[in-house]
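Chain letters run A, B, ... following the sequence lines, proteins first, then strands; residues in each count from 1.
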Amino acid sequence: MTEHTEQTESCGFEPKIMAFVCNWCTYAGADLAGTSRMEYRPNVRIIKLPCTGRIDPLFIIKAFENGADGVLVSGCHPGDCHYTTGNYHARRRWIGFKNLMEFTGIDMRRLHFSWVSASEAIKWVDLINGITDEIKKIGPFMEYKGLKEKASL
Amino acid sequence: MKIPYYPGCTLNTVAKDFDLSAKTSALAMGFELAELPQWNCCGATFPLTPDNIIALTAPAKVLSNARLAGDTLTTLCSVCYNVLKRTNKVIRDDKERRSTINGFIEADYDGSLNIIHFLEILRDRIGFEKVKKAVKKPLNGLKAASYYGCMLLRPFEDMGIDDSEAPMIMENLVTALGAEPVTFPNKIECCGAHLAMNNEDIVTRLSGNVMTSAVNSGAEIIVTTCPLCHYNLEKSQPKVAESTPGYKNVPIVYFTQLLGLALGQNEAGLGFDKNQWDARPLLKKKGLL
Amino acid sequence: MPRIGVFVCQCGNNIAATVDTKKVAEEMKNLPGVVFACDYKFMCSSPGQDMLKNAIKDNKLDGVIVSACSPHMHEKTFRKACESAGLNPYQCEITNIREQCSWVHHDKTKKAGTLKSADLTRMTIERLKKNKPLAKIKIPVKKKAIVIGGGIAGIQAALDIAEGGVDVIIVEKEPSIGGNMARLSETFPTMDCSQCILTPKMVEAELHERITLYTYSEIEKVDGYIGNFTVQIRRKSKYVDEERCTGCGECIEKCPFKVDSAFELGMTKRKVIYTPFPQSVPNVPVIDAPNCTKIQKDKCGVCAIVCGPKCIDFKMEDKIVTVEAGAIIVATGYQLMPNERFGEYGYGRIKDVISGMQFERLASASGPTGGEIKRPSDGKVPRSVVFIQCAGSRDEKKGVSYCSKVCCMYTAKHTMLYSHKVHHGQSYVFYMDIRAGGKRYEEFVRRAIEHDNAMYLRGRVSRVYERDGKVLVQGADTLSGNQVEIEADMVVLATAIISRDGADTLAQKLSIGYDKYKFYNEYHPKLKPVETVTAGIFLAGTCMGPMDIPDSVAQGSAAASKVLSLFSADEMTREPITAIVNKVTCNSCWDCLTACPYSAIERDAVKNRQGVITKWLAKVNEGVCQGCGVCVAACRSKSIDLRGYTDEQVFAAINAF
Amino acid sequence: MKIKLAQSAIEGSEINQLERVTGEELKRCYQCGKCSAGCPVSFAMDIPPTQIMRFLQLGMFDDVMKANSLWVCVGCLQCYARCPQGCSVANVLEGLRQMVLRKGEDHYGVKEISARFLEKAPQQAIVCGFRKFVS
Ligand SMILES: Cc1cc2nc3c(=O)[nH]c(=O)nc-3n(C[C@H](O)[C@H](O)[C@H](O)COP(=O)(O)OP(=O)(O)OC[C@H]3O[C@@H](n4cnc5c(N)ncnc54)[C@H](O)[C@@H]3O)c2cc1C
Ligand SMILES: Cc1cc2nc3c(=O)[nH]c(=O)nc-3n(C[C@H](O)[C@H](O)[C@H](O)COP(=O)(O)OP(=O)(O)OC[C@H]3O[C@@H](n4cnc5c(N)ncnc54)[C@H](O)[C@@H]3O)c2cc1C
Ligand code: SF4
Ligand code: SF4
Ligand code: SF4
Ligand code: SF4
Ligand code: SF4
Ligand code: SF4
Ligand code: SF4
Ligand code: SF4
């Protein structure tokens, strides 16, 4: 039995984590983790976008509404963006965006930003393990649970 | 026009001739060097380690007192100029050190003074053209070498009075006075400075290099802006003459002495008698006295 | 209701070991819109693909999900298979359950892997439901290239393109092509005479039927995108009719006025009507208008009188020509840092302190001294010469921090040329490091030291000054730990190579990037060394940074091959992942326009029936748009969306989470 | 001389203190030799400026402290004015002097100064000399 399943059984709460990643760096980095047969926690679901610059703040809010306990946004390192400056745009947007998130009552520990390049499989693995464990500690994100159902009523 | 003036300790004592000739020349050019009512020694060396704040307090005190007298301060001695100008820049640009310094000297000085050298007054405020017009007795035929030393010029980004590798401000003045400027390679090299205190050999060698370089380039007289340079050159000259075959002693004077002379001031008020190597025979020979 | 088919791959045991593929397929069958689901051993194999194609036809599928390996692996394969079965390829989506699931979750109970695979597949299915069929974008390619800069890099690029059968225009701002190489005497490491190897290439470029030379010309404006650039070129007035001029040189001969020759770096004079150097291509003189008394004061006119074919026209004006081209190569080269910046070396004050490039002219047979090394002050042959390397390079305080790369080599070359031309002369070289990393380069430097008696001193020079007709050099030899003083007859500075004045303005016209020194940025320093971020614009030579002739030529050829491969088809296709504006809601705030890293968004005039402009709306130029989606996130009114990654698609995936 | 290198010496506390006091980054010096080339008193130094920087990079603080270089530097700033890396050996040497003087050790006793010098020399030389040599 792997280390991971042991943990799942003892801990009980399995957080759901949504990751928005860019196609060129982080997606490829995650692929490399796969081809290198590294192991990491299975809690993350990736949504691929061309660039972190494509990410709309609403994506993140929607993810939480849909039951995410944590959200990760990851793209190319500054200066390495496939689209030259897309990730700078993303970064600039976060500054204003962070305030908004806090305002809407999202614990900032649930939202992570990172850079993972196509060769940083280890970083990706550490990142996912780290975030999963941290969110396990914080516990499930209840504030938005049921929001979607309410909205559809 | 009155310009607040900081003489510094040396011009008040050993280099009285520098002070006198400058004051006299200034009057002849239509402005007055108004000595600060209250001043202290600048410390005679700018502390090179930024953490040595204590050493900045003396010049800072000078500056903060001077600010009460106006927004400009002029000096003559290269070292005072260097210390005051650099200290002023520290106070102006470095907020942290400014507040520490102000705490020490119990003042609230912000670095807003404009520190200018007497040479800059002549060049930038009056203009060498005007100086030339004011000359009553052109120093025709006098071959004068201008010696800058280090403190007037370096570091360039703080001092900025002239190109630090090829300054011309003194040569241009000398030309305006009708003399023949002699440029020589060692004009920006050090004279040995404070090593006068304990290392005569080095001073003799460095000052010697300056003087032989000037004389070999045809100088009959060497012009300085710094009492310490003046002292080191004068004092080293016998030994230099001894060890350099064919070397003839030359007078070492302050630029203000030549300025006063050219402006037609009475020789007695210019302090020529205080020079160790008397310039008067040379000046007489050239028909300038 | 959509008709979606789901294909879950086992990848032998690669997926099946930790994912219950059958179970995943079964679960998907329960989702609305899924009409077919199965798992299979190797989806990408021929039988696997055939199974997919048949299923599409048999079940009339309008959408396909393949849950298998990373889309970076087989997305193309499966989209192609769908296309051949009559399905729009963009109706096929991949779920990555191998790299993102089976390979990274080793749980042999298959619990975690199966759960995650099902989740991911479901998300993709929901996304697919919002997909719209897309068509690849086809862009016609105008098969003509423009090379900006006619130095060796540009000439090489143009010749290679022309040899490939494509028309090319060289735009050169000087009256002649040739660039800096035309000034060099002999060239390391083989010591061939620069003119001897360059002139044939210049002439070949002039005579090639596919090459057009626009000398004395500059780029005015660049519009368009890859395959379809529209370039305006300013052809500066030469005051000489190029077509009729026979190059007889009579006008130059008779012109009574002389000015400093820029080509000879001020070491000699040239006439007001001139060609920069005798082998100029084209061999047509130009009048230096600011210095011509006829043009300025309406006096003289001698040249026009003596010109047989009467081709001089003092009223000639600049012309703007517009050229359509499919690709552009930038090869604008370098210039040298002004030596006056280093007061301690005395350049400008001391006549016998010269630059390396001036030394090239002194050593050149066609130079001002006919190839004899004579010092500028008195024309004497210098008995000792000091070379100072890294003058301005590797100097963070007053110069540039980078290494100029060629000066170690050309200084070694200079000591050789000097020793060959002045027997018993002594050369000294002050260096910090010897950077001779090239084929036969280190051996070259050793030869200078061992056979040509160059005295190499490791250290910098503090000051250079004049004394008694000698140039005194005060330096250090750090290896012995001593100060060194040399009484030299001449000093040569190995001046830093810097970017051209105006390199930034040209870059802005072209929308290409440049670094803090205004050298142009390649797309990727290792893997895309001659591409730029703007598709269709390529780089060659020293406009990118210091390099020597072999590298400049290699890059010229590399850039040419890129152009030729671009031109190998009549039209280009590209992924239809581009932004699209909703004209109804766009409120012309232009947030997208400023956000787009590629300047792909334009202001588009909307006219009413009378043809009067009523408003301006954002419009995406599909040729330029790279599909990053930055604009989409920037638009506050949600009026712009990205095909293939629409808000709808992304939200659908999130909702299925 | 054979130098035994160890990390503890390279990152020694005196070196750190020196960097702190002077604001100079010793690592930046790339040993070009320009400072030594122009220093007017290099000829009289046990360890000339370029090597001062090198010795300190190697952590050889004690060797540098023993050298006369600290005391013969005239503070003319030739070294700083021309250093391509913007280093100031002058500042480093002053920092070293400070480290001696702040321990209360005079380099030159007041009594050693000749009476003739005190009488004739310009005040500035005396003040400056005291500053540089006396704690
Ligand atoms: C002193 C010295 C000696 C050298 N010796 C050697 C040697 O021996 N061997 C060796 O391999 N290398 C040597 N080199 C390096 C060599 O000069 C370069 O590698 C080579 O010349 C670079 O060629 P290029 O085409 O990139 O640039 P350039 O020669 O600079 O050509 C660029 C061309 O573009 C034109 N241009 C610039 N801007 C524009 C514009 N906006 N519009 C239109 N046209 C424009 C210019 O007029 C020029 O004709 C030496 C360099 C120096 C400084
Ligand atoms: C320790 C080290 C570190 C380096 N680090 C860097 C770095 O950080 N950055 C950098 O830019 N460069 C680096 N390099 C240099 C870099 O490795 C080379 O520039 C680059 O790999 C060269 O690629 P190549 O294709 O020319 O040759 P190779 O990588 O050698 O490829 C040649 C291929 O041809 C095959 N082959 C050989 N002979 C035959 C034959 N007869 N028939 C068929 N196939 C054949 C070989 O098997 C091989 O696959 C480093 C080099 C070393 C040694
Ligand atoms: S499609 Fe991908 S996952 Fe399936 S067999 Fe082929 S390589 Fe393996
Ligand atoms: S008209 Fe101008 S170019 Fe012609 S000969 Fe006279 S000066 Fe020379
Ligand atoms: S004289 Fe006329 S034909 Fe001859 S080179 Fe001059 S312009 Fe050309
Ligand atoms: S190539 Fe040599 S001389 Fe030129 S900057 Fe680099 S190290 Fe200095
Ligand atoms: S998707 Fe990217 S490249 Fe295309 S228009 Fe939008 S910002 Fe520009
Ligand atoms: S950001 Fe949106 S609303 Fe503004 S101009 Fe662009 S498409 Fe129109
Ligand atoms: S000049 Fe500067 S970089 Fe060169 S050796 Fe001296 S301190 Fe080091
Ligand atoms: S400041 Fe000191 S070390 Fe620097 S050049 Fe002058 S004497 Fe030499």
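Between B:N52 and D:Q98, some side-chain heavy-atom pair lies under the 4.5 Å cut-off.
B:T13 and D:Q123 are linked by a side-chain donor-acceptor pair at a separation below 3.5 angstrom, with hydrogens and angles left out of the test.
Of all heavy-atom pairs between B:A193 and D:V74, the closest is CB-O, 4.3 Å. Minimum interatomic distance between D:Y80 and B:P155 (heavy atoms only, all atoms of both residues): CE2-CB, 3.6 Å. Heavy-atom minimum distance, D:V127 versus B:G43: CG1-O, 3.4 Å. Listed here is the closest heavy atom pair of B:R154 and D:L77: CD-O, 3.6 Å. Residues D:A44 and B:I202 come closest through the heavy atom pair CB-CD1, 3.8 Å. Of all the heavy atoms in D:T22 and B:P50, the pair that sits closest is O-CD, 3.2 Å.
Between B:N199 atom CG and D:Y108 atom OH the span is 9.0 Å, to the nearest 0.5 Å. From D:C73, atom SG reaches atom CG of B:L195 across 8.5 Å, with rounding to the nearest 0.5 Å. Distance CD1/D:I126 to CE/B:M197: 8.0 Å, rounded to 0.5 Å. Here the straight-line distance linking atom CG of D:N91 with atom OG1 of B:T49 works out to 7.5 Å at 0.5 Å rounding.
With respect to D:Q124, the side chain to side chain contact (heavy atoms under 4.5 Å, CB included) criterion is satisfied by exactly one of B:C42, B:C226, B:C41: B:C226.
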Side chain to side chain contact (heavy atoms under 4.5 Å, CB included) evaluation trace for D:Q78 with B:E189: CA-CA 8 Å; D:Q78 293 262 27; B:E189 303 280 336; 3.0 Å; yes
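The aromatic rings of B:H194 and D:F133 sit tilted, their planes meeting at an angle between 30° and 60°.
In the displayed structure, B:E96 atom CD is contacted under 6.0 Å by at most 12 heavy atoms of other residues, nucleotides or ligands. The local environment of CZ in B:R98 is crowded, with over 12 non-hydrogen atoms from other residues, nucleotides or ligands closer than 6.0 Å.
With a 4.5 angstrom heavy-atom cutoff, D:F130 touches chain B via backbone and side-chain atoms both. Looking at B:C80, neither its backbone nor its side chain comes within 4.5 Å of chain D, counting heavy atoms on both sides. The part of B:Y231 that comes within reach of chain D is its side chain, from C-beta onward, which places non-hydrogen atoms under 4.5 angstrom from that chain. Within the 4.5 angstrom heavy-atom criterion, only side-chain atoms of B:L206, from C-beta onward, approach chain D. Heavy-atom distances place no part of D:V92 under 4.5 Å from chain B, backbone and side chain included. Both the backbone and the side chain of B:I188 come within contact range of chain D, each with at least one heavy atom under 4.5 Å from a heavy atom of that chain. Of the atoms belonging to B:C77, it is side-chain heavy atoms, and not backbone ones, that fall under 4.5 Å from chain D. Of the atoms belonging to B:A15, not a single heavy atom falls under 4.5 Å from chain D.
Between chain B and the options D:P40, D:A121, D:S114, heavy-atom pairs under 4.5 Å are most frequent for D:A121. The choice from D:R102, D:R20, D:K120, D:E24 that makes the most heavy-atom pairs within less than 4.5 Å of chain B is D:R102. Of all the listed residues (B:N198, B:T45, B:N209, B:D201), the one sharing the greatest number of non-hydrogen pairs under 4.5 Å with chain D is B:N198. Annotation: maximal heavy-atom pairing with chain B below 4.5 Å, among D:R97, D:E112, D:R82, occurs at D:R82.
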